[in-house]
Amino acid sequence: MTDLHSHLRDRILTTLAGLGIDRAAAEPMVRLDPPKNRDHGDVALGAFQLAKLAGKAPPALATELAAMITSDAIVESAAAAGPFVNFRFRREALAREVLTAIQSDAVPYGKANQHGQTVCIDFSSPNIAKPFHIGHMRSTVIGNALCRIHRHQGATVHGINHLGDWGMPFAKMMTAYMRWGNEAELHKSPMRYMFDLYKRYSVEAKQNPALDDEAAKHFQALESGADNQERRMWQLLRDESLKAFQGPYARLGVTFDHITGESFFEDKMEAAMARVSASGVLEDSEGAQVVWLKELGIKEPCLLRKSDGTTLYHTRDLAAAFYRETTFHPDRILYVVGAEQKLHFDQLKGVLTKMKEPIAKAVEHVPFGLVLSKTDEGKWEKFASRSGNAVFLDEILDEAVAKVRSIIREKNPDLPNADEVAEQIGVSAIIFNDLKNSRIKDVKFDWESMLNFDGETGPYVQFACARLSSILRKVEVSVPDSDQIDFSLLADAERVLLTMMDFGTAVQRAAEQSEPSHVTGHMIALAGEIHSYLREHYVVGEAPAIQNARLVLVDAARRLLTTGLGLLGIAAPERM
RNA sequence: GCGCCCGUAGCUCAAUUGGAUAGAGCGCCAGACUACGAAUCUGGAGGUUGGAGGUUCAAUUCCUCCCGGGCGUACCA
């Protein structure tokens, strides 16, 4: 809430008290939201609940309030519209409040001080020994944005890459390599080579189920802890994959605080199992060890040990939860993992709940939709990496970058470091596209819309930044301190200013709901207002007082867009 | 079968968590570059919010049932 809001809120509460309405009772009912239509006013108050408290009809109370809240240094007007009261702030006060805060990097526009909350974010977590394709990108990009958003909000963040470097998928890879692989080929192009091996395994395992038994034996041997052929193989394949992942991560600008894959918990699983057992919830069932969760509304039991004695995904996640609890003391643990794994995380949380472990309440699955591709019949279907129609991330990024490069060649042929900028813009376009919609929505992957940079896209927002940077370059004077300008000259920038004022709410909602699209949406809105404003308002060469006032506005907009894009993991180039 | 998710303009999506006349982009049509960047801007057409009930002063939002699509459903992750 900004100072303007709290001032208005205080005046409303005082006025209500004058009408005999208890301040404490009214407090939660005074919600100041942006009105549906900004022409109505800057903020609106719905008088429905308050009217009940006052024993009056909502329109009557709204009229009364509007009449009693007279204008002051901050509030310009209050007008009743049916059961609503619409308020307008003085344009001067609005501009001063917003621009001064942005210029001084004050919260929420700038980073908040540490507020004591600790958030673990488990994201990306690819199955190594498989190529990094479009499907891996969602968790990576969403998780990265959440890390940045929470840091901005003042949380201590632990970004964790929980690599899938253990278990059956890895054992299958190993089996394929032992049968058909050779090291020279592997080193040439590790990702492609391993992907081909994996595909071959999948095909042959369908004909020959004995392959899966072989893989299970290899996994048993690996998990025995002995220094054997399997362990050396595991080390080799893991090293190669991890090296290969550095490429995509570097291009996407993603970093991790901890790379602790499933194998990291190899020596921590027995202790975890002992803890489950000691809590009395572990049961034997059909030769396996499970936890039943029927009383929590989950029919399927959570398997923690297979009948052959080996562990499962759940076992490792449980060990990881305990480890994170003692190491990081998190308030929240966010698992940025596809929606198809909802049951898995319900079970994980369920087991911890049944064990009466306090950490249970911190466990939060952050699900997201699938990446779909279009069939020849025009239907959308899941990308199947096995059938080989997977699109590799590098291919997509390269296409986007090439398209950007050709646009630059056409529109801005003299741009220095054009290749570098093309890389930034192209990669950003793909990231932005992934963060644009609610994460639960499936992403419909099609080249045409992916490579269209008109409208609500990353380049649209970046272009706004570039225009603003261009103005700041051309004006050839420095941006004045905000206390040196005449804010009343910015009355015509009200739409920009009101949009800027929503930044904090957008980021806060993104953090609370683990939903980066709130930030993305706000960036589109702000860029749109800027583009419109710049069309009709010039900066360079205006009368000094006007030029100075607009310079502060332009600078603030550029700062805010840069900050917002930064929260999404996207760069804001000065030229493009 | 059961559980969960999704269904809003031709297409892709919003709608500040129950509030005012449901908003954007793409595509389509018509306009705007001899002043700071046209990857832009300004207009226009386009809606029974899948359907039927219910709760409420108020429902795209909550409840029930149905329809359509998807995901999941104990020794994979």
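Here is how names work: the chains are called A, B, and so on, in the same order as the sequence lines, proteins then strands, and each is numbered from 1. Computed from heavy atoms alone, side chains included, the values below leave out hydrogens, waters and symmetry copies.
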Please name the nucleotide paired to B:G27 by Watson-Crick or G-U wobble geometry with both distances under 3.5 Å, or report none. none
Side chain of [X] - closest among [options]:
| X | options | answer |
| --- | --- | --- |
| A:Phe48 | B:A24, B:C57, B:U60 | B:C57 |
| A:Met576 | B:A77, B:A20, B:A39 | B:A39 |
| A:Leu343 | B:U73, B:A39, B:A77 | B:U73 |
| A:Ala81 | B:C36, B:A20, B:U40 | B:A20 |
| A:Ala44 | B:C6, B:G72, B:A20 | B:A20 |

[N] phosphate, OP1 or OP2, under 4.0 Å from [X] side-chain N/O:
| X | N | value |
| --- | --- | --- |
| A:Lys411 | B:A39 | yes |
| A:Trp292 | B:A74 | no |
| A:Arg535 | B:A38 | yes |
| A:Thr457 | B:G25 | no |
| A:Arg316 | B:A77 | yes |
| A:Lys474 | B:G37 | yes |
| A:Lys441 | B:G7 | yes |

What distance do A:Leu312 atom CG and A:Leu318 atom CG have between them, rounded to the nearest 0.5 Å? 11.5 Å
Can you measure from CG (A:Leu490) to OH (A:Tyr533) and round to the nearest 0.5 angstrom? 6.0 Å
Closest-nucleotide ordering on RNA chain B, the 5'-leading residue of A:Ala339 and A:Tyr313: A:Ala339
Nearest heavy atom decides the nucleotide; on that basis, is A:Glu542 or A:Ile408 closer to the 5' end of RNA chain B? A:Glu542
State, to 0.1 Å, how close A:Leu568 and A:Pro516 come at their nearest heavy-atom pair, and which atoms those are. CD2-O, 4.0 Å
Determine the contact category for A:Lys436: base if any of its heavy atoms lies under 4.0 Å from a base atom, sugar-phosphate if only primed atoms, P, OP1 or OP2 are that close, otherwise nothing. nothing
Mind checking A:Ala466 for me? I need base, sugar-phosphate or nothing, with any heavy atom below 4.0 Å counting as a touch. base
